[in-house]
Structure formats: C-alpha cells, structure tokens
Amino acid sequence: MPTTERPPIPTVRIRPGTPYPLGATWDGTGTNFALYSENAGGVELCLFDEVGTETRFPLTEQTAFVWHGYLPNIAPGQRYGYRVHGEYAPKRGLRFNPNVILLDPYAKALSGTEEFAGGVFGYVPGGDDLTMQTGEQRGAPLGVVIDPVFNWVGDTKPNVPFHQSVIYEAHVKGLTMTHPDIPEALRGTYAGVATGPMLDYLKELGITAIEFLPVHQHLDDPFLLDKGLTNYWGYSTLSFFAPDVRYSAEARKGNPAGAVAEFKNMMRALHDAGIEVILDVVYNHTAEGNHMGPTLSFKGIDNPTYYRLVAENPRFYFDYTGTGNSLNVRHPQTLQLIMDSLRYWVTEMRVDGFRFDLASTLARGLHEVDQLSGFFTIIHQDPIISQVKLIAEPWDVGEGGYQVGNFPVNWAEWNGIYRDDMRAFWKGEGGLASEIGYRLTGSSDLYQNDGRAPYASINFVTAHDGFTLRDSVTYEHRHNDSNGEGNNDGHNHNISWNCGVEGETDDAAINALRSQQQRNFLATLLLGQGTPMILGGDEIGRTQDGNNNAYCQDNEISWYDWANVDEELLAFTKKVIALRKAHPSLHRRKFFSGRTIRGEDIQDLVWLRFDGQTMTDADWSNDQTQSLGLFLDGDGLDDVDAEGNPLHDDDLLLLLSSSYVDLPFRLPDLDSCEAWELLLDTADDAAEEQVRTGDETTLKARSVKLYRCVRG
C-alpha cells in the first residue's frame, strides 16, 4: 500500500529537459518528463518506489504550456504520476487539486488498474462536486517508464487491399480464455493470441484482419464493481497510449511495463500469419465521466482543454456519447493528443487500422456534425494515419448523430443499414427487394456519389453490441437479467426471429431452420459486395444466452465456448470465405456500371426473377418479392490484378429466397454457358448439382444458392 508519510526531499537535481515529446521518454541514461496544462499554476512530478514511497520534483520549466524536466538515472520500470496545482473552481470549469495523484495522458504503460479505495475524487464524495477534496487521493494507476526498443526485423505488414479484406471482430480475452490448447497462464492475453493454436485457427478460417475491441487501458465503473461485474468491452478509456494490463501475461507476473513488448510480439505473430490488426478506439470520451465522476487524469490536469464544457455553465459537460463527457476536439492540444496516440499505435505498435467508436462525436465542430471538422482534415493530411484502414462507427447519441454514408473519402463505415435490412429480409419481412439489391452490391446509394468504393461499406449482421448470430435466430427478446439492471438495458429493436420458440429447444425442425438461417446470414454477408465483418465466435455457434448487451460480462457468457464448437457451421464459414477469396467478382474494387459485356446482350450484373426474367420496376416495388437472382459476368470486372493484368472470373449466379415455401427458379440461358454448377447451398452443405442452362432448380425455402457457369 502507498505510504502517507511526508515525501522525502529530492537528492537529485532536476534538469530543464525539453517540452517535446510529451510523456516520459527514456534516452538510455535518464528520462524526460513533459506534461501539457495551459491553466495550471504549478506541476509536481511524483516518483514512486516499489513500496509506494513518493518523491516530488517541481517542474519549473514551462514552454508553450508544457511543463517539463529531465531526471538522470531514471530508467524503464520507474512509476510516476503528477500533482497539478491551480484553482478548484468547478463553476468556472477548473478542477485542479494537488491532493490527487494524476495519470500522465501520454503514459505508455500503467502500473495496474484503478483502486477506488485509494481515492479517485477531486471533490468530497457524498455531496455535490463543489467542495474540494483535502485528503490524499492515490487510486489512479501510475505511469511506468518504458524501454521503447523492440526488434521488428522481419516484420512485414500484410497490407491487404480493403476490397479483399474479411474482418473478424474479437475480444483479446474472450477469444482465448477457454481455449484448451493454449497454456493456462497465457489465456486471455496478448501472448495467448500469439500462440500457435490461435494463429492456426485464424489462418484456417481465412479472415484477413482481426478487429480487437478496445485494448487501450480502461476503467471498471464502480456501479459495475458493486454488482460483481466489470466493464468487459472496455469502452471507457483511461489511457490512449497504454495497452491494457488486464490482457497482459507479463503484467500478471508483476511486470506491467512488459505489456508493451507483449503487445508488439502479438502484432509480429499476427503479421507473420498474414493477418492485419484493427483497433477499436474510443477518442470521443474518457473514463472520468461527468461533473460527479472521478478525477484520474485529464480532468485534474486541464479540464477546459480536454473536455467539451457547457459554455454558459462550464461546471457541466456536453455529452454526445451517453457516458458523461465528450472530448474537446476543437482544442488544438486535444487534437494533438489524439493524433499522437494514433501515430504511436501505427509507428511504434505497428497496427494496421482503426475503428472509431461513436465517430460522429469527433466530427462535431460546435454542435452539429461537420464532416470538414479539424479532426478529419488533420487525418486526411497526415502522411502516416491517412494510409491505414480508417473505419467509422457513424453515429453518436446527439442530435443529427446518425451519419451512415456521410463520412469523407478514405473512410469506411460500419453500415448499420445493411445490418437492419438483412435481418429484416431473412426474418421474412416484405417490401425489401430494392434495399437488398443495394446492400448486396455495395450500397451504392450510400457511397457511390462521394468518391468512395464498395469496400467503404463495412457489412455486418452481428457485432459485439447485440445478439450473436446464433442468438439472433434463437431469441426475439433480450434476456439481460445477469446485467443487474432489471433487463432494462440493451436494445429493444433486435430485428431477430426465434424460428418459433423463444430460447433453446430440442425441436429438431426448429434447430434445423436455425442452422439454415445462420448459414443464410453468413452467405449473404460473405458473397455480397462491400467489406464483410464477422462477429468472432459466430462461426462456431457462440451464444450469450440471449444477452444482447454483454458489456459487463467477463465470464462464460462472453468468452468463446471452445468445448462446444458447431463444427458444421465452422466448416461452412471456411467454405464461404474461401469462395469469396477465389472469385474477384465477389469482392469488386468498383461499383457495377450496368455496361454491356462481350458485345452481347449481357451486362456486368443482371437481376433476375424466379422465372428467369429480368426484374422489372414492379418487381422491385412489390411487397411480395422475397426471392432474387443476381448474375455476375466474369468479364465485367473492369479491373486489373496487382501486376496490372485484366481480371477475369467465372460467370456467377447468386440466388436467395426468404420465402417460407420452396420455389422453382429458372437459371439464365446463355450461349456461352453449357450448365450451371452448384458451389454452395445453405439448405444442404453436401448438395451437388449441375443444371443445364435455361432449366429450373428448386430453391428451398429460406435459402441461398451460388452457381458458376460451366462453359461449353
């Protein structure tokens, strides 16, 4: 436990140091410390030894609002924090309190997790926030000086083109926590992901990128801890530079700084396997909450700089995120913090892209969402960050926050419209033919007119937030009782169908239908244009028992159940991913043009009715249209491969029906096509079929078929 004795007088003289880089930077002989605060009256650097004894060094040098100093002989492993002096005047937005030990926003490693019992509040708990805390508050984790040197020799980023990507959303801990072939000491860690069994699984599955839920160090909210729960998803960022020690095997052994090298080792192993890493990042808010939240870092260092405060009453915070605060991206220093963080993860940690949580918040200039805001302008101009994969979650909880289709060039987006349309279609709702047409071809209605390509649409039917794939065909209502909120949390609008019975059942017919529906979702997701994203675990039939908001469930509800893998579904998923990769027609770089190919009366794509005739306007608007055929001409790609050679593919035919009855479907009669060979049937994994051109096939109720043309 930290001591409460008076700190010793320093015996080492602090040198002026430099204002940049911010944070703690070891140069081989000592460490430079730099902290930005334009409103502070003074800053003390606080060093702590193994038993928590504190030594303070006033930082007397200030350059452009950066307080800085250099200490010789301070080496990696040193733990440190800050005491920042100034006015405690919440009504004017100032919350300085030197009794609170504060975490460096630029700390690259953290000593551990927060300890609420050690004190984390700048005010006296139990009343309002206007009375300053006078007792020692040492509950925030400390920063740890790191050695940044790492041997990256031989590491090559996969650089998978966006249009060839298959993204796999996963949680570092949940992915490996119960895997029987991973050593127990490594389960749930970065090192566990880097083991042979996990890498082999991901390679065999065929995905090209893994998108990790937040790995930035986060806070476990007290209201969850009081219920015996934790913030499992991690969308409550405390540090934008430090990999979370919760997922570090090195930290478990008492070496928290080792989390950095452990993360880098994981990155190198995944790159060696040809797999990119995309980080889910939360730059829209922090873990410090609203005016009644804890003071851990930003709030006590320079509250008006880092947070959007209400202009007429700066005691309070603008909240576009539903979490209590929003980062002040209008301030140059806050923008610099975000950009420095992004560059660090690209250059030092070598990640391949980012998915920005509640990205609409970052686009808010004053109040409205402004796509030309400073954040996006800086990203666009940055020579490093602009070259990695950038994905927006294009909404927040503020007015006008739903911005699907409105982000700038070079940005992809989670396409929530795709998710909702596909769920409704396979549920059996009518009137969706035209919507499904757009979604299967890359959502040109959302992305084509602003210079973007089909891969800008990140297509998904399930994600961490909501039902798993298996649960989406098993439950129509949320079952979140274990979250301790009276089943009042999570979405009501699930657009799910339980196939006739709520929850698990022994009914063989219902279970067969549920299996088929899961295949339908995976087939349409992976065989359509755009960038598919699979929720990790869907391919093995993972269930959360109907919990559609498992953000607080760090247990078997959220962890992958490797002991009960749906082997048939897994084999099917591998097969569909392989089909997608094998056929460039299924992952085009450009939108369809409708142009005539080969001088024949054939276009690069043709939409067909079940009688083999071309879809008409009446068919598209007919509420009863529940089946579609999509012909893709293999010579209509209008694209080249990496060597510049024209791309060609088989002629492909995708049939899908959400009707509850079997349908006869007449296959196109093409002069160049002798027969249609079945490649995939969601109604029968073992099906084999070759249909003469112009003849009929039976399209089973609620199923998908994929054919290739066998040329004569």
Side-chain angles (χ1 to χ4, degrees), residues 110 112-121 125 139-141 169-178 187-189 192 212-239 242-248 251-252 280 282 284-290 292-294 296 319 321-325 357-358 397 462-468 470-471 475 477-492 494 503 535-537 542-562:
L110 271 57
T113 58
E114 65 281 347
E115 295 180 8
F116 288 95
V120 296
F121 290 98
E169 190 194 28
H171 189 286
V172 169
K173 184 173 185 179
L175 178 64
T176 61
M177 194 61 192
T178 70
R187 294 176 190 171
T189 69
F212 284 123
L213 269 68
V215 299
H216 291 169
Q217 181 104 2
H218 71 271
L219 178 95
D220 281 321
D221 310 274
F223 82 93
L224 291 175
L225 296 175
D226 290 344
K227 293 187 288 187
L229 302 170
T230 61
N231 188 344
Y232 173 69
W233 287 351
Y235 289 95
S236 187
T237 305
L238 179 60
S239 171
D244 203 312
V245 295
R246 295 170 178 84
Y247 314 137
S248 170
R252 290 177 184 175
D280 194 335
V282 187
N284 52 74
H285 73 280
T286 78
E288 293 186 296
N290 61 16
M292 300 300 288
L296 300 159
D319 182 12
T321 65
T323 61
N325 65 59
D357 178 66
L358 300 181
V397 301
T462 52
H464 66 274
D465 187 4
F467 284 144
T468 66
R470 176 174 167 179
D471 286 356
Y475 300 91
H477 309 288
R478 64 191 180 200
H479 297 265
N480 299 352
D481 297 282
S482 57
N483 293 355
E485 299 181 43
N487 200 33
N488 292 315
D489 61 300
H491 296 295
N492 278 320
N494 296 299
L535 172 61
R542 187 174 74 88
T543 178
Q544 293 177 171
D545 299 325
N547 191 322
N548 74 351
N549 189 35
Y551 77 103
C552 56
Q553 299 294 335
D554 185 5
N555 50 49
E556 289 81 0
I557 291 175
S558 297
W559 302 340
Y560 290 33
D561 185 3
W562 291 109

Quiz prompt | Listed partners of R542 passing salt bridge (charged side-chain N to carboxylate O under 4.0 Å, His left out), at least two apart | solution = none
Quiz item: salt bridge (charged side-chain N to carboxylate O under 4.0 Å, His left out) with D554: which residues, sequence neighbours excluded?
Solution: K173
Under 3.5 Å, is there a donor-acceptor pair between the side chain of [X] and the main chain of [Y]?
| X | Y | answer |
| --- | --- | --- |
| T237 | S239 | no |
| T176 | G188 | yes |
| H491 | N548 | no |
| D226 | F223 | no |
| T178 | Y560 | yes |

Can you list the residues that meet the ring pair (Phe, Tyr, Trp, His ring centres under 6.0 Å) rule with [X], with sequence neighbours excluded?
| X | result |
| --- | --- |
| Y551 | none |
| H216 | Y283, W345 |
| H171 | Y232, Y247 |

Exercise. Verify the distance criterion only: is there a donor paired with an acceptor across the side chains of D357 and N284 at less than 3.5 Å?
Key: yes
Practice problem: Measure the shortest side-chain to side-chain distance between T189 and S248 over non-hydrogen atoms and say whether it is less than 4.5 angstrom. | Solution: no
Quiz item: Less than 4.5 Å apart, any side-chain heavy atom of Q217 and any of L110?
Solution: yes
Quiz prompt | Residues forming a side chain to side chain contact (heavy atoms under 4.5 Å, CB included) with V120, sequence neighbours excluded | solution =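 For V120 the side chain to side chain contact (heavy atoms under 4.5 Å, CB included) partners, ignoring immediate neighbours, are F116, P294, L296.
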Quiz item: Can you name the residues that form a side chain to side chain contact (heavy atoms under 4.5 Å, CB included) with N555, not counting sequence neighbours?
Solution: Q553, I557
Residue list, side-chain hydrogen bond (donor to acceptor under 3.5 Å, both in side chains) with [X], at least two apart or on another chain:
| X | result |
| --- | --- |
| Y235 | D280, H464 |
| H479 | E502 |
| N492 | R478 |
| T323 | T321 |

Quick check for you: to the nearest 0.5 Å, what is the distance between [X] atom [atom1] and [Y] atom [atom2]?
| X | Y | atom1 | atom2 | answer |
| --- | --- | --- | --- | --- |
| T230 | L219 | OG1 | CG | 11.0 Å |
| L175 | L213 | CG | CG | 11.0 Å |
| N480 | N549 | CG | CG | 6.0 Å |
| Q544 | E556 | CD | CD | 12.5 Å |
| D481 | N487 | CG | CG | 4.5 Å |
| T462 | N494 | OG1 | CG | 12.5 Å |

Quiz item: Which pairs, with at least one residue in residues 214-225 and sequence neighbours excluded, count as a salt bridge (Lys or Arg N to Asp or Glu O under 4.0 Å)?
Solution: D220-R246
Self-check item: side-chain contact (heavy atoms from CB on, under 4.5 Å) between T286 and N325, worked out
Solution: CA-CA 7 Å; T286 78; N325 65 59; 3.7 Å; yes
Would you name the heavy atoms of [X] and [Y] that are closest together and state the gap between them?
| X | Y | result |
| --- | --- | --- |
| M292 | F121 | O-CE2, 3.7 Å |
| P214 | V282 | CG-CG2, 4.0 Å |
| L238 | P141 | CD2-CG, 3.6 Å |

Quiz item: Under the side chain to side chain donor-acceptor pair (under 3.5 Å) criterion, do N483 and N547 qualify, and how do the steps go?
Solution: CA-CA 9 Å; N483 293 355; N547 191 322; 3.0 Å; yes
